[in-house]
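These notes are about the structure you will find just below.
Bear in mind that the values here come from a model prediction, so they are computed numbers and not experimental data.
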Amino acid sequence: MNPFRYLPCWALALTLSAVCGATYAQHAQRAQTGRFGFDEAGMDRSVRPGDDFYAYANGTWTKHTPIAADRSTVSLFTRMADTNTARVSEIIEAARHDVGSRMGAAYASYLDHARVERLGMAPMKPWLDRVLAVHDLAGYRALLPDALRLGITLPVGVDVQPDDGQPDRYAAVISQAGLGMPDRSYYLGSDAPMPSTRSAYVAWLARMLVLAGQGDAAKRADAVMAFETAIARASWTPLQNRDAARTYNPTTLGALKAASPNLGFDALLGAAAGDTAPVVVMQPDAIAAIDKLVASTPVNVLRDALLIQSLHAYADVLPDAVADADFAFHGKVLDGSEQREPIRQRAANFTVEAVPDDVGKVYVARWFTPQTKAAALTMVKGIIAAMDRRLDQLDWMAPATKQRAHAKLRNFSPRIGYPDRWHDYGTLTMRADDLLGNAMRARQWRHAWDLGRIGKPVDRWEWTTTPMTVDAFANYPTVAITFPAAILQPPFFDPQADAAVNYGGIGAVIGHELSHQFDDQGAKYDEHGRLATWWQPADLDAFKARTGALARQFDQYEPLPGMHVNGGLTLGENIADLAGLTVAYDAYKASPDGLHPAVIDGFTGDQRFFLGWAQLWRYRYRDADLRRRLLTNGHAPGPQRVWTMRNLDSWNSAYGVTQGMRLYLPPSGRVRIW
């Protein structure tokens with residue numbers, strides 16, 4: 001999936017297997033989120049709010065909350081995610097002995113670990129034999145469609161999404177791929193720890209070849225590494241990939257085959273896609289270069305790369321010898337985690353991945369009330385209205401552009417809780433005695449569903465996530481904002497909590513997603529979700545001046561020694577944070593609860609609003625995970641996201657922030673966009 005058309009906006013840890021230090025944990029468990037929805041026990045009141053509002057709101061939590069051994073990060077999200085995980089596990093456990101159900105069969109197959117170990121690599125052998133039987137480029141090309149159906153990483157990615165130029169139909173989207181590490185910088189970077197990471201990766205490549213029964217593994221691993229490094233050199237950077245206009249290069253299947261003849265795109269897109277089928281190529285020169293690399297690379301290297309990626313794709317459902325070796329690099333080296341998740345957690349995750357809608361239907365029936373949905377929709381409407389009012393107040397936007405922006409707001413589709421329809425898995429078989437087969441069949445089902453839609457009308461009922469996902473999304477081509485049921489619970493949203501904290505929490509999340517439609521990339525899509533120019537040139541210049549200032553502000557932050565936030569890479573999320581806070585604050589002040597709020601525990605309504613925002617971003621990272629995020633992720637780390645509020649006059653006033661405090665910005669230096 002192209003992450004720049006479907007924007008997940010919260011990188012969340014889903015479980016926490018270890019508890020906090022005894023004293024703090026016991027107090028926090030009693031306090032929950034305090035009398036008004038905020039956990040005061042997690043504060044560090046020795047820090048002045050104007051020096052570091054993150055530490056002021058979250059310092060004690062940060063000092064006393066360890067990262068569990070099976071995690072690369074821990075956050076306050078884990079409290080709600082733990083609750084959500086327990087609910088999902090309860091649903092799946094109840095179905096465990098009903099092996100006639102897809103849920104029960106999928107879950108039981110994963111938990112039958114003894115069977116997985118007893119069978120060893122035998123279930124995977126037919127596929128590995130097919131890979132090993134490849135002896136020329138034609139044979140390699142012929143195998144790629146089946147590898148794609150199985151979800152195995154290829155030198156290029158093939159996806160099906162709404163066409164940015166014609167958002168009412170689906171197009172095939174071709175993107176650069178082929179890297180086993182997170183980004184080209186892992187292959188090309190010279191700063192520590194990249195050289196040692198590369199050495200560990202080559203060792204992992206060799207280990208995968210050994211597990212596949214191959215000899216001369218070290219030499220073959222070096223050759224695969226050289227192939228991937230060549231792909232990395234041809235690949236675009238994460239910053240280049242953010243540009244929606246630059247990555248929208250519409251063509252047809254016939255033209256793509258002519259430009260890149262070596263990868264067999266006609267077979268990759270399926271028999272139903274003719275030469276006139278709509279195709280979008282995200283990185284044209286990179287795709288062309290990768291196509292030439294495939295033609296010039298010895299077939300044994302191509303075969304080895306496919307062999308390794310096959311084991312990686314299914315490592316979690318193969319014997320521990322494979323799964324543990326895979327985790328040793330991808331979990332420990334890349335993320336910094338110390339051990340794999342418990343088996344029941346992995347089994348639940350597998351089941352949700354295999355048959356998400358089967359689980360989702362039960363989940364929302366049990367855990368998402370009509371009252372919560374109605375309350376969330378009311379808040380969404382209030383925040384959209386606040387954004388509508390702000391448009392009229394902008395002194396840098398011409399009336400003609402404002403008119404189009406108002407039209408875009410009117411066309412918004414807020415999707416709350418769960419989709420209106422569910423997928424029909426009637427043709428998908430899950431067996432309690434066939435874990436690998438279940439994994440393969442689930443991926444093949446999804447691939448067939450997607451591939452069959454090229455050129456067809458968009459299914460606007462379909463979500464790109466599940467109700468159990470603790471996340472929120474913006475979708476440019478459908479002009480939609482999505483809030484799954486799992487995120488509409490404390491501490492984001494609690495109907496019993498103080499309104500100020502709710503607006504600072506879920507209200508800012510709603511405002512964030514809404515304003516993504518107007519961030520530096522979302523603003524390139526018109527009221528119909530079409531990638532088109534609809535701004536007046538002077539307005540666009542004014543917008544870029546403001547967003548450029550925000551990028552420079554974030555460039556200054558240094559979460560790791562020598563590693564700064566990339567203000568360009570994180571710009572869209574930072575714009576959405578700033579705008580989301582701004583419109584959520586306006587909506588709070590316009591609501592009945594915001595007119596004359598009481599002082600609670602010494603905090604004014606405005607102060608509680610910003611505490612609600614800060615509470616969302618209680619995060620601790622392992623260094624390896626934080627480094628990966630800084631290089632590849634479009635989100636700034638938690639503390640820096642909290643600091644966004646230094647641009648708001650209302651925060652400075654609420655906490656008496658004055659010159660000389662570290663987060664103080666003079667009014668002229670505060671970034672104001674929406």
Residue of the set Trp617, Trp613, Tyr655 for which ring pair (Phe, Tyr, Trp, His ring centres under 6.0 Å) holds with Phe53:
Tyr655
Contact between Met43 and Thr60 at the side-chain level, heavy atoms closer than 4.5 Å - yes or no?
no
Got Leu394 and Asp539 here, is their nearest side-chain heavy-atom distance under 4.5 Å?
no
Quick one: OG on Ser515 to CD on Glu513, what's the gap to the nearest 0.5 Å?
8.0 Å
Donor-acceptor under 3.5 Å (Gln517 side chain, Gly522 main chain):
no
Taking the side chain as every heavy atom from C-beta outward, state whether Asp243 and Tyr248 have any atom pair closer than 4.5 Å.
no
In sequence, state the C-alpha distance, the side-chain angles, and the governing distance for Gln240 and Gln283, and then conclude on side chain to side chain contact (heavy atoms under 4.5 Å, CB included).
CA-CA 9 Å; Gln240 290 172 317; Gln283 307 95 357; over 6 Å; no
N/O donor-acceptor pair under 3.5 Å between Tyr621 side chain and Gly638 backbone:
yes
So, for Ala405 and Leu391, which heavy atoms are closest and what is the spacing to 0.1 Å?
CB-CD1, 3.8 Å
Would you check, one step at a time, whether the test side chain to side chain contact (heavy atoms under 4.5 Å, CB included) holds for Asp519 with Gln521?
CA-CA 5 Å; Asp519 69 19; Gln521 301 306 316; 3.7 Å; yes
Using modelled atom types only, decide if a donor and an acceptor are shared between the side chain of Arg404 and the backbone of Ala400 within a distance under 3.5 Å.
no
Arg622: partners by salt bridge (Lys or Arg N to Asp or Glu O under 4.0 Å), with sequence neighbours left out
Glu338
Reference residue Phe609; test ring pair (Phe, Tyr, Trp, His ring centres under 6.0 Å); the match among Tyr503, Tyr585, Trp651, Phe36:
Tyr585
For the residue pair Asp164 and Tyr525, confirm or rule out a side-chain donor-acceptor distance under 3.5 Å.
yes
Asp183 and Thr632: side-chain donor and acceptor closer than 3.5 Å?
no
Using atom types as modelled and distance alone, determine if a side-chain donor or acceptor of Asn411 lies under 3.5 Å from a backbone N or O of Glu527.
yes
Find the distance between CZ (Phe603) and CD1 (Ile600) and round it off to the nearest 0.5 Å.
10.5 Å
Measuring only between side-chain heavy atoms, which start at C-beta, is Met194 closer than 4.5 Å to Tyr186?
yes
His512 and Glu573 side chains, donor-acceptor separation under 3.5 Å:
yes
Do Thr478 and Ser413 have side-chain heavy atoms sitting under 4.5 Å apart?
no
Say whether, by atom type as modelled, one donor and one acceptor occur between the side chain of Ser653 and the main chain of Ser650 under 3.5 angstrom.
no
CG on Leu569 to CG on Asp555, rounded to 0.5 Å:
10.5 Å
CD1-CZ distance between Ile481 and Phe412, expressed to the nearest 0.5 angstrom
5.5 Å
Tell me, do Leu571 and Arg242 make a side-chain contact under 4.5 Å, heavy atoms counted?
yes
For the residue pair Ala244 and Leu531, what are the closest heavy atoms and their distance?
O-CD2, 3.7 Å
His406 versus Asp392, closest heavy-atom pair with distance:
NE2-OD1, 2.9 Å
Side-chain donor/acceptor of His516 to backbone N/O of Ala576, under 3.5 Å
no
Between Thr570 and Asn574, a side-chain donor and acceptor under 3.5 Å
yes
For Arg628 and Asp625, run salt bridge (charged side-chain N to carboxylate O under 4.0 Å, His left out): C-alpha distance rounded to whole Å, both residues' side-chain angles, the deciding distance at 0.1 Å, then the answer.
CA-CA 5 Å; Arg628 176 180 56 80; Asp625 181 60; 2.4 Å; yes
Side chains of Asn647 and Gln553, donor plus acceptor under 3.5 Å:
yes
Counting only heavy atoms from other residues, nucleotides and ligands, does the tally under 6.0 Å from CZ of Arg233 exceed 12?
no
Gly37 backbone acceptor or donor facing Gln615 side chain under 3.5 Å:
yes
Please report the shortest heavy-atom distance between His528 and Pro167, naming the atom on each side.
O-CG, 3.4 Å
Exercise: identify the closest heavy-atom pair between Ala497 and Asn502:
O-ND2, 3.8 Å
Assess whether side chain to side chain contact (heavy atoms under 4.5 Å, CB included) is satisfied between Met397 and Trp535, documenting all intermediate values.
CA-CA 9 Å; Met397 182 177 280; Trp535 291 55; 3.8 Å; yes
What I want to find out is whether Arg390 reaches Asp586 closely enough, with some N-O distance under 4.0 Å, to be called a salt bridge.
yes
Between Asp52 and Trp643, a side-chain donor and acceptor under 3.5 Å
yes
As an exercise, state the distance from CG of Leu560 to CG of Asp623, rounded to the nearest 0.5 Å.
5.0 Å
Which residue pairs satisfy the salt bridge (charged side-chain N to carboxylate O under 4.0 Å, His left out) criterion with at least one member in residues 647-667, sequence neighbours excluded?
Asp649-Arg670, Asp649-Arg672
To the nearest 0.5 Å, atom OG1 of Thr482 lies from atom CG of Asp471 at 10.0 Å
Taking the side chain as every heavy atom from C-beta outward, state whether Pro559 and Gln640 have any pair of such atoms under 4.5 Å apart.
yes
Is a side-chain N or O of Arg618 found less than 3.5 angstrom from the main chain of Ala57, in a donor-acceptor match?
yes
On the ring face of Tyr54, is Arg620 found with NZ or CZ under 6.0 Å from the centre and within 45° of the axis?
no
Heavy-atom side-chain contact between Phe554 and Thr644 under 4.5 Å
yes
Could you check whether atom CD of Gln659 has more than 12 heavy atoms from other residues, nucleotides or ligands sitting under 6.0 Å from it?
no
Holding to side-chain hydrogen bond (donor to acceptor under 3.5 Å, both in side chains), I want the full list of residues that pass it with Arg410, two or more places apart in sequence or in another chain.
none
Please find the pair of heavy atoms, one from Ala624 and one from Gly336, that lie closest to each other, and give the distance.
CB-N, 3.9 Å
Within the side chain of Ser72, is there an N or O that forms a donor-acceptor pair under 3.5 Å with the backbone of Ser337?
no
Report the C-alpha distance between Leu488 and Ile416 in whole Å, list the side-chain angles of each, state the deciding distance to 0.1 Å, and finish with yes or no for side chain to side chain contact (heavy atoms under 4.5 Å, CB included).
CA-CA 9 Å; Leu488 296 172; Ile416 296 174; 3.6 Å; yes
Is it true that a side-chain atom of Arg646 and a backbone atom of Leu663 form a donor plus acceptor pair closer than 3.5 Å?
yes
So does Glu558 have more than 12 non-hydrogen atoms from other groups sitting under 6.0 Å from CD?
yes
